[in-house]
**Q** 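Just dropping this structure here.
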Amino acid sequence: MTTVDVAVVGAGPYGLSAAAYSIEAGLDTQVFGRPMYAWARHMPVGMLLKSEPFASHLADPAGEYTLGTYCEAHDFPYATYQPTPVERFVDYGRWFGEKAVGDRITPVDVSLVDRQDGEFLLTLTSGEQVRARTVVMAVGFLPFARTPKALAPLPEPLLTHSSQVHDLSEYAGQRVAVVGAGQSAIETACLLREAGAEPHLIARGPELIWNADPVGKRSLVSRVLAPQSGLGSGLRSWVWSERPSVVPFLPAAMRRRIVRTTLGPAGSWWLKERFTGITTTLGARLREARRAGDGVELTLQERSGGGQVRVHADRVIAATGYAVDLRRLDLFAPALRASILQERFAPLLSRRFESSATGLFFVGLAAAPTFGPLMRFVHGTRFAAATLAPALVERVTGLRGDHVRPLATAPRPRTGEPSCR
């Protein structure tokens with residue numbers, strides 16, 4: 001049976017970045033999972049990334065394999081305010097994996113993580129088993145999809161979470177209720193209409209919020225008062241984006257509030273025109289959902305004190321986000337799960353991403369309750385990987401991880417015309 005120093009569970013942006021840093025640190029590292037699978041199969045065809053290109057790099061210690069480098073090599077445009085198609089981002093992630101991780105990727109999923117004799121035992125869906133001295137859980141967003149309780153009575157395929165929507169052509173000719181007010185809901189509605197469906201967006205808020213239109217050259221005062229960061233402009237966003245190491249020192253309730261309220265539901269500026277004319281019901285709370293013939297009937301309560309509204313649709317898409325909840329992650333053996341201390345079902349992590357189960361680390365969305373909203377975005381891969389690598393070295397070797405290469409300087413935001421031509 002093979003034994004490795006580091007087993008990375010998940011081959012998305014966080015898993016590949018963590019592996020790149022771990023390999024550079026000299027650790028025998030193996031990634032388990034299909035590279036960029038969730039992005040390739042659980043994002044709608046035609047989607048554009050909301051994050052700016054400069055905030056969409058995966059992380060390797062030398063900073064060689066950025067999205068900008070990939071675009072230059074493939075003659076693709078790369079510029080601020082020029083959204084990246086999801087298909088291009090998927091290809092970039094796989095290219096990154098080939099360059100920075102190489103043959104350390106096993107494209108097979110993990111079905112069980114257990115602990116035996118001070119090491120971890122991973123069982124793969126192929127039936128093979130691998131032992132590991134440390135494990136990095138980089139499972140992404142799929143296990144944590146959140147659907148309102150009111151929609152629970154609806155069976156599949158009448159009800160689908162937006163994370164399960166890929167080919168929107170299957171909705172052509174159908175009336176589709178989209179529940180949500182964020183980027184996922186708004187863009188899904190746009191893509192549905194463009195695919196020949198009749199979307200109807202339903203949201204609790206009284207109005208939809210849109211991110212500000214692009215601003216050209218900003219004044220010095222504007223840049224000081226609202227600095228640009230990987231999470232957008234504004235001093236608070238800059239702190240959460242560029243100084244996430246301060247977040248674990250904050251009270252738990254404050255951290256939860258920061259994650260909940262930072263970059264709340266909003267649509268990108270480039271969706272405004274595409275969204276024009278789509279049917280919406282705003283300021284209404286979902287009360288009940290039931291099957292009605294071959295379709296569904298949703299009962300909404302107007303929040304202004306008005307009456308009830310009924311919406312009929314053929315299908316419903318819940319674009320209602322994600323909530324970290326280890327109960328939804330069925331990979332752990334019972335004894336190992338019991339050893340992971342939690343707070344509101346999220347893992348309690350050290351300042352180096354380690355859980356209470358020594359040697360078991362969490363990165364990505366699962367780490368957001370500890371490190372803040374940065375962990376919801378690709379921009380967080382560099383901080384996570386650079387912080388994690390020394391801790392892995394110490395757990396594997398018993399020595400301080402000071403020899404691990406320092407965090408490379410992140411590429412600066414760039415504006416203007418595409419720079420890869």
**Q** Any donor and acceptor pair, going by atom type alone, linking the side chain of S350 with main-chain N or O of E354 inside 3.5 Å?
**A** yes

**Q** Donor-acceptor check, side chain of T280 to backbone of L201, threshold 3.5 angstrom: yes or no?
**A** no

**Q** Sequence neighbours excluded, which residues qualify as side chain to side chain contact (heavy atoms under 4.5 Å, CB included) partners of A197?
**A** Y171, V176, L192

**Q** Does R204 CZ have over 12 foreign heavy atoms under 6.0 Å away?
**A**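 Count not over threshold, so no.
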
**Q** Strictly below 4.0 Å, N to O, side chains only: are R315 and E156 in salt-bridge contact?
**A** no

**Q** Kindly state whether the ring of H42 and the ring of Y37 have centres lying under 6.0 angstrom apart.
**A**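 Ring centres of Y37 and H42 closer than 6.0 Å.
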
**Q** Has the side chain of T134 got a donor or acceptor atom that lies under 3.5 Å from a matching backbone atom of L392?
**A** no

**Q** Can you give me every donor-acceptor pair (side chain of residues 97-109, partner residue at least two apart or in another chain, under 3.5 Å) with its distance?
**A**
unit_1: T106; atom_1: OG1; unit_2: Q30; atom_2: NE2; d: 2.8
unit_1: D109; atom_1: OD2; unit_2: R34; atom_2: NH2; d: 2.7

**Q** Answer yes or no: is there an ion pair linking R285 with E302, defined by an N-O contact shorter than 4.0 Å?
**A** no

**Q** Could you go step by step and tell me if I317 and V165 meet the side-chain contact (heavy atoms from CB on, under 4.5 Å) rule?
**A** CA-CA 8 Å; I317 295 175; V165 172; 3.9 Å; yes

**Q** Measuring from atom CD of Q183 to atom CH2 of W210, what distance do you get when rounded to the nearest 0.5 angstrom?
**A**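 The distance works out to 8.5 Å.
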
**Q** Treating H161 as the side-chain partner and R146 as the backbone partner, does any N or O pair qualify as donor plus acceptor under 3.5 Å?
**A** yes

**Q** Measure from the side-chain N and O atoms of S339 to the backbone N and O of L336, and report whether any donor-acceptor pair falls under 3.5 Å.
**A**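 Here the side-chain-to-backbone pair exists.
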
**Q** Do the side chain of S237 and the main chain of T262 share a donor and acceptor less than 3.5 angstrom apart?
**A**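 No, S237 side chain to T262 backbone: no donor-acceptor pair under 3.5 Å.
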
**Q** Looking only at the aromatic ring of each residue, does the gap between the centers of Y78 and Y70 stay below 6.0 angstrom?
**A** no

**Q** Hey, do the aromatic rings of F353 and F371 have their centres closer than 6.0 Å?
**A** yes

**Q** Please determine if E198 and R175 form a salt bridge, counting it only when a charged side-chain N lies under 4.0 Å from a carboxylate O.
**A**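 No, E198 and R175 are not salt-bridged.
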
**Q** Just checking R115: does its CZ atom have more than 12 heavy atoms from other residues, nucleotides or ligands closer to it than 6.0 angstrom?
**A** yes

**Q** For S111 and T123, indicate whether the former's side chain and the latter's backbone hold a donor-acceptor pair under 3.5 Å.
**A** yes

**Q** Got a salt bridge between E394 and R352, using NZ or NE/NH1/NH2 to carboxylate O under 4.0 Å?
**A**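 Looking at E394 and R352, the cut-off is met.
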
